[in-house]
Amino acid sequence: MNISAQATAAAQPDLAALKTKQQAAWSSGDYAVIGTTLQIVGEELCEALDLRSGQKVLDVAAGNGNVTLAAARRWCDVVSTDYVPSLLERGWLRAKADGLSVAFKEADAEALPFDDLSFDAVVSTFGVMFTPNQGKASAELLRVCKSGGKIGLANWTPDGFIGQLFKTLGKYLPPPVGVKSPALWGTRARLTEMFGSAAASIAAEPRHFVFRYLSPEHFLDLFKTYYGPVLKAFAALDTAKQKGLRDDVLALIRRLNKADDGTMVVPSEYLEVVITKR
């Protein structure tokens with residue numbers, strides 16, 4: 001192997017290793033504590049998709065099941081998937097509590113265990129966007145969706161609050177070289193790259209989810225305890241850098257906070273996406 005080839009090989013990220021690391025991060029803490037607050041996004045995505053009763057719906061990287069439950073409430077035939085078994089368990093408990101019929105299956109978003117053209121709608125809220133291999137994940141969403149079916153996504157944008165939160169984390173723990181940012185899923189350009197050739201149409205509308213917490217400190221303490229990526233980031237830093245990161249996150253919240261009563265009311269932009277497959 002010549003020097004140029006060696007340099008190219010060295011620059012290639014180990015996506016399998018990254019996926020293992022990410023899975024460990026999402027398995028840590030308890031994402032369901034955070035995820036349940038995002039329920040309204042799943043409801044609104046189902047309305048944007050105009051789901052009809054009896055349709056077969058696949059929720060990819062479902063977490064604790066926000067779109068899963070929303071689609072099941074609309075009498076769809078729903079399969080909820082994630083690669084973190086404990087999150088599927090939380091989704092199952094929620095569905096049981098609401099008396100909803102849902103199938104749950106452990107699955108990797110980059111290698112979905114379903115036949116081609118199996119689902120009328122394929123959905124994901126703040127889930128599939130975090131896959132290391134974006135091309136493989138987007139291809140899988142397209143593969144399992146029927147012709148004329150819809151792919152519905154909710155993805156954080158680069159400039160919204162969560163996009164800026166991840167940029168802040170990146171100042172202390174730079175992302176792996178060669179790996180595309182998850183926030184690219186929140187841009188029209190990247191969506192066109194991944195889905196355009198197979199899409200009859202792509203509708204992408206900016207929306208806002210409002211993070212409402214007791215205080216900025218309450219938000220940060222919960223995310224440090226339960227939200228895997230933030231938990232792992234703090235755990236990897238020494239005391240001085242932990243303080244720096246905490247100060248920077250709180251400064252970000254204060255800059256965006258709409259509340260003047262000590263609580264936290266921070267809108268975070270996301271892209272609501274409806275792709276109709278050819």
Side-chain angles (χ1 to χ4, degrees), residues 22 26 31-51 55 57-74 76 78-84 87 90-91 94 109 112 119-131 134 137-138 140-142 144-145 149-166 180-195 199 201-212 223 227-229 266-277:
Q22 284 186 337
W26 290 112
Y31 174 75
V33 173
I34 308 300
T36 192
T37 67
L38 300 165
Q39 182 61 43
I40 192 172
V41 176
E43 302 290 343
E44 291 178 342
L45 181 60
C46 286
E47 288 302 301
L49 286 164
D50 190 24
L51 291 182
Q55 286 187 321
V57 177
L58 175 66
D59 191 356
V60 179
N64 62 320
N66 288 335
V67 199
T68 293
L69 298 180
R73 291 190 186 105
R74 289 158 176 80
C76 295
V78 186
V79 180
S80 187
T81 65
D82 202 284
Y83 68 175
V84 179
L87 288 177
R90 296 297 289 274
R94 296 177 76 194
L112 295 170
F119 295 92
D120 299 296
V122 183
V123 296
S124 186
T125 55
F126 315 126
V128 72
M129 66 178 289
F130 290 103
T131 52
Q134 296 183 3
S138 58
E140 281 294 271
L141 300 184
L142 287 165
V144 300
C145 185
K150 295 177 180 178
I151 296 170
L153 306 169
N155 301 324
W156 300 119
T157 62
D159 296 327
F161 168 57
I162 294 298
Q164 293 185 57
L165 175 63
F166 275 96
K180 289 183 171 62
S181 167
L184 290 174
W185 284 75
T187 66
R188 295 169 187 266
R190 182 63 177 144
L191 291 169
T192 299
E193 285 179 6
M194 293 190 293
F195 296 100
S201 65
I202 300 177
E205 296 294 332
R207 305 288 188 207
H208 286 87
F209 172 80
V210 181
F211 285 90
R212 298 177 183 271
F223 267 61
Y227 189 72
V266 172
S268 184
E269 186 184 55
Y270 69 94
L271 211 58
E272 180 184 81
V273 182
V274 176
I275 300 161
T276 303
K277 184 179 171 183

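Residue numbers start at 1 and run along the sequence shown. Model, not experiment: these values are computed from the prediction.
Partner of C76 under the side-chain contact (heavy atoms from CB on, under 4.5 Å) criterion, out of V57, L49, D120: V57 alone.
For an aromatic pair to be called close, the ring centres must be under 6.0 Å apart, and F166 with F130 satisfies this.
Taking CD1 from I275 and CD1 from I151, the interatomic distance works out to 5.0 Å, rounded to the nearest 0.5 Å. Put simply, OG on S124 and CG on L141 are 7.0 Å apart, with the number rounded to the nearest 0.5 Å. Summarising the geometry, atom CD1 belonging to I202 is positioned 4.5 Å from atom OG1 belonging to T192; distances are rounded to the nearest 0.5 Å. Distance check, rounded to the nearest 0.5 Å: CZ of F126 to CG of N66 gives 9.0 Å. Note that the CG atom of L112 and the OG1 atom of T81 stand 6.0 Å from one another [nearest 0.5 Å].
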Test V67 against C46 for side-chain contact (heavy atoms from CB on, under 4.5 Å), laying out the working first.
CA-CA 7 Å; V67 199; C46 286; 3.9 Å; yes
Under the criterion side-chain contact (heavy atoms from CB on, under 4.5 Å), I'd like the reasoning laid out for L153 against T125: C-alpha separation, chi angles, the key distance, then a yes or no.
CA-CA 6 Å; L153 306 169; T125 55; over 6 Å; no
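Using modelled atom types, one side-chain atom of T187 and one backbone atom of L184 make a donor-acceptor pair closer than 3.5 Å. Using a distance-only test at 3.5 Å, with no hydrogens or angles considered, no donor-acceptor pair links the side chain of N64 to the main chain of R90. Side chain of R94 to backbone of L69: no donor-acceptor contact under 3.5 angstrom is found. D59 places a side-chain N or O within 3.5 Å of a backbone atom of T68 that can act as its donor or acceptor partner. A donor-acceptor pair under 3.5 Å is formed between the side chain of Q134 and the backbone N or O of S181.
Remark: E43 pairs with Q39, A70, R73, R74 by the side chain to side chain contact (heavy atoms under 4.5 Å, CB included) rule, at least two apart or across chains. The side chain to side chain contact (heavy atoms under 4.5 Å, CB included) search around E272 returns E44, L45, A48, R207, Y270, not counting sequence neighbours.
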For a quick test of your reading: what N or O donor-acceptor pairs under 3.5 Å do the side chains of residues 154-164 make, sequence neighbours left out?
{"residue": "N155", "atom": "ND2", "partner": "W185", "partner atom": "O", "Å": "2.9"}
{"residue": "T157", "atom": "OG1", "partner": "G160", "partner atom": "N", "Å": "3.2"}
{"residue": "T157", "atom": "OG1", "partner": "E269", "partner atom": "O", "Å": "3.4"}
{"residue": "T157", "atom": "OG1", "partner": "E269", "partner atom": "OE1", "Å": "2.8"}
{"residue": "D159", "atom": "OD1", "partner": "K167", "partner atom": "NZ", "Å": "3.4"}
{"residue": "Q164", "atom": "OE1", "partner": "R255", "partner atom": "NH2", "Å": "2.9"}
{"residue": "Q164", "atom": "NE2", "partner": "D159", "partner atom": "O", "Å": "2.8"}

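With a 4.5 Å cut-off on side-chain heavy atoms, V123 and L58 do not count as touching. Side chains of K150 and K277 form no contact here, defined as non-hydrogen atoms less than 4.5 Å apart.
Summarising the geometry of V78 relative to A71, their closest heavy-atom pair is CG2-CB, 3.7 Å, with the distance given to 0.1 Å. Across all non-hydrogen atoms, the minimal contact from L191 to A204 is CD1-CB, 4.4 Å. The shortest heavy-atom contact between A109 and V60 is CB-CG1, 3.5 Å.
In this pair, F209 and F211 present their aromatic rings perpendicular. The plane angle is above 60°, beyond the 30 to 60° band.
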